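None of the values given here were measured: they were computed from a predicted structure. Letters go in sequence order (proteins before strands), and every chain restarts at 1.
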There are 2 protein chains.
Amino acid sequence: MSFRGEEDYIKQIFQLQCDNPSSAYVKTSELIQLTGHAAPSVNEMIKRLVSKGLLEYNRYVGVRLTSEGEHIAANIIKKHRLWETFLHDYLNYKWDEIHDEAEALEHITSDRLSEALYAFMAHPKTCPHGNPIEVSIDDQHDSEEILLINASTHHAYRIIRVKDTPDVLEYLDRIHLKPGTTIRINENDPFNEFIEIKNDDRTKTIGYRLAKSIVVKKLE
Amino acid sequence: MSFRGEEDYIKQIFQLQCDNPSSAYVKTSELIQLTGHAAPSVNEMIKRLVSKGLLEYNRYVGVRLTSEGEHIAANIIKKHRLWETFLHDYLNYKWDEIHDEAEALEHITSDRLSEALYAFMAHPKTCPHGNPIEVSIDDQHDSEEILLINASTHHAYRIIRVKDTPDVLEYLDRIHLKPGTTIRINENDPFNEFIEIKNDDRTKTIGYRLAKSIVVKKLE
DNA sequence: AATTATGATAAGGTTACCCTAATAAGGAGG
DNA sequence: CCTCCTTATTAGGGTAACCTTATCATAATT
Ligand SMILES: [Mn+2]
Ligand SMILES: [Mn+2]
Ligand SMILES: [Mn+2]
Ligand SMILES: [Mn+2]
């Protein structure tokens, strides 16, 4: 049986592995940071997951999901994003209000329910934040997709997905940027750490902190 | 904060109070029976709920919900039945498959989500088993509604609701009886403990065990 | 090589639920 | 009043997750 706590750890590890596919290992400190739990709690959980065969662990190096762990992670993430989509598209939730509900629903969703929801919504491709419903650790990196922070001046891009933290989402909502939106880079100023973009004939300035939360893809 | 275990106990106590409005108190033994937990577990939970002000307890007499306890119970039951309705009406679950999923979903459903679901389904009156979505301990007893076991020969009745245990539901499904169905009593034989009914021009025999799980209301 | 920073773990505590086995309290009948 | 049975409760234990505090082990810096 999988418990809520376990599943959240597995999910976080998966996300960290995806974010940084170069280094195969996720460091304990990253997990402490991301989960907000104390070091001994994280350590204890790592041992639990190792003993269940969901995790490999080398001390002072880090952890990595086993293929079973990966499978569980992808399954939960799918459930998470299905609920986000349902709440947003059918129950009129705003896109910054869906993550927390999904965070709880994902754990008590049977595979049966997951499939039924998926079919009910006619197999959506992505959640409202632009993240794919069906995930796999391998086919993660479409090399065309880059962080907005790395976009080049005078080129056009489409927003693919955005980081799903409430502050980011609320702000993006206010300035009318979302997955699918087309933008043009007027200027990328690494020294002053901002990017000036144009969309809807309006010019907007995006700081680097926010620009790291937006994934875009060059057009044509 | 309310936890899953607590909420299930509160709900069960509420149901027992409704089933038997004459005696105001629910005995510990009834709870042991219904929950399937060991006596000390039930005893411990009773004390927890008392200390939270959700329950009154007189030893060797039984327990009774406080008004706050009743309120919580009604709220969870509403969520339970909303999910049952959603699973049945929108996700094509059969009516004997919805209870267990709802049993888990009810606990992680915020009031916000509950209201959104309720509105999405256009404020249904009852769950697929015929139980009201909006519950209150007082307005429970429509005196016109009786158990099928007490129905009189040669009269017509409408099925109002049925007990939501999988075996009962599966059987009723096979013989095409559900809330809303109109039946006529050909014979009620207390000695042999069966009732012969007619619906859809077909005659069916219902044993008293099953007849206790069906609530009906006399027509005109 | 010595110091400092970081990372890992041990020890002990908490809360929500669950359990078994043993004991105590009430009520009915002799 | 005492015995028997039902019912209630105590005592003691377990697991999943969390915590704090203190003490290791290793890596990095000086
Ligand atoms: Mn999310
Ligand atoms: Mn979660
Ligand atoms: Mn039910
Ligand atoms: Mn439940």
Classify the side-chain pair Tyr208(B)/Asn188(B) by whether it contains a donor and acceptor separated by less than 3.5 Å.
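Result is yes, a qualifying pair exists.
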List the atom of [X], the atom of [Y], and the distance in Å for their closest heavy-atom pair.
X	Y	answer
Thr109(B)	Lys79(B)	O-NZ, 2.8 Å
Leu87(A)	Ala102(A)	CD1-N, 4.4 Å
Tyr93(B)	His88(B)	O-CD2, 3.3 Å

With the side chain of Tyr57(B) defined as its heavy atoms from C-beta on, choose the nearest nucleotide among dT9(D), dC19(D), dA17(D).
dT9(D)
Rounded distance in Å - [atom1] ([X]) to [atom2] ([N]):
X	N	atom1	atom2	value
Tyr25(B)	dA8(D)	OH	C1'	17 Å
Ile32(A)	dT20(D)	CD1	P	12 Å
Arg4(A)	dC18(D)	CZ	C1'	13 Å
Lys47(A)	dA17(D)	NZ	P	15 Å

Phe86(A) ring center within less than 6.0 Å of Tyr90(B) ring center
no
Could you tell me the separation between the CD atom of Glu193(B) and the CD1 atom of Ile149(B), rounded to the nearest 0.5 Å?
7.5 Å
Whether Arg4(B) and Glu103(B) form a salt bridge (side-chain N of Lys/Arg under 4.0 Å from carboxylate O of Asp/Glu) is what I want to check.
no
Detail all sub-3.5 Å separations between protein N/O atoms and N/O atoms belonging to nucleotides 23-29 of chain D.
residue, atom, partner, partner atom, Å
dA25(D), N3, Tyr60(A), OH, 3.4

Return whichever of Pro40(B) or Met45(B) has its heavy-atom-nearest nucleotide of DNA chain C closer to the 5' end.
Met45(B)
5' priority, DNA chain D, between Lys27(B) and Glu44(B) [closest heavy atom]:
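First, find each residue's nearest nucleotide; the 5'-ward one identifies Lys27(B).
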Start at the 5' end of DNA chain D and walk down; is the nucleotide closest to Ala39(A) or to Arg48(A) reached first?
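By nearest-heavy-atom nucleotide position, the 5'-most residue is Arg48(A).
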Would a 4.5 Å heavy-atom cut-off, applied to side chains only, mark Ile206(B) and Leu177(B) as touching?
yes
Start with the C-alpha distance between Arg161(B) and Glu145(B), add both sets of side-chain angles, then the distance that settles salt bridge (Lys or Arg N to Asp or Glu O under 4.0 Å), and finish with yes or no.
CA-CA 10 Å; Arg161(B) 59 178 172 276; Glu145(B) 296 181 0; 2.9 Å; yes
Span of DNA chain C in contact with chain A (heavy atoms, under 4.0 Å)
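Range of nucleotides within reach of chain A: dG7(C) to dA10(C).
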Counting only side-chain N and O atoms of Thr28(B), is one of them less than 4.0 Å from OP1 or OP2 of dA8(D)?
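So the side-chain polar atoms of Thr28(B) do come within 4.0 Å of the phosphate oxygens OP1 or OP2 of dA8(D), strictly under.
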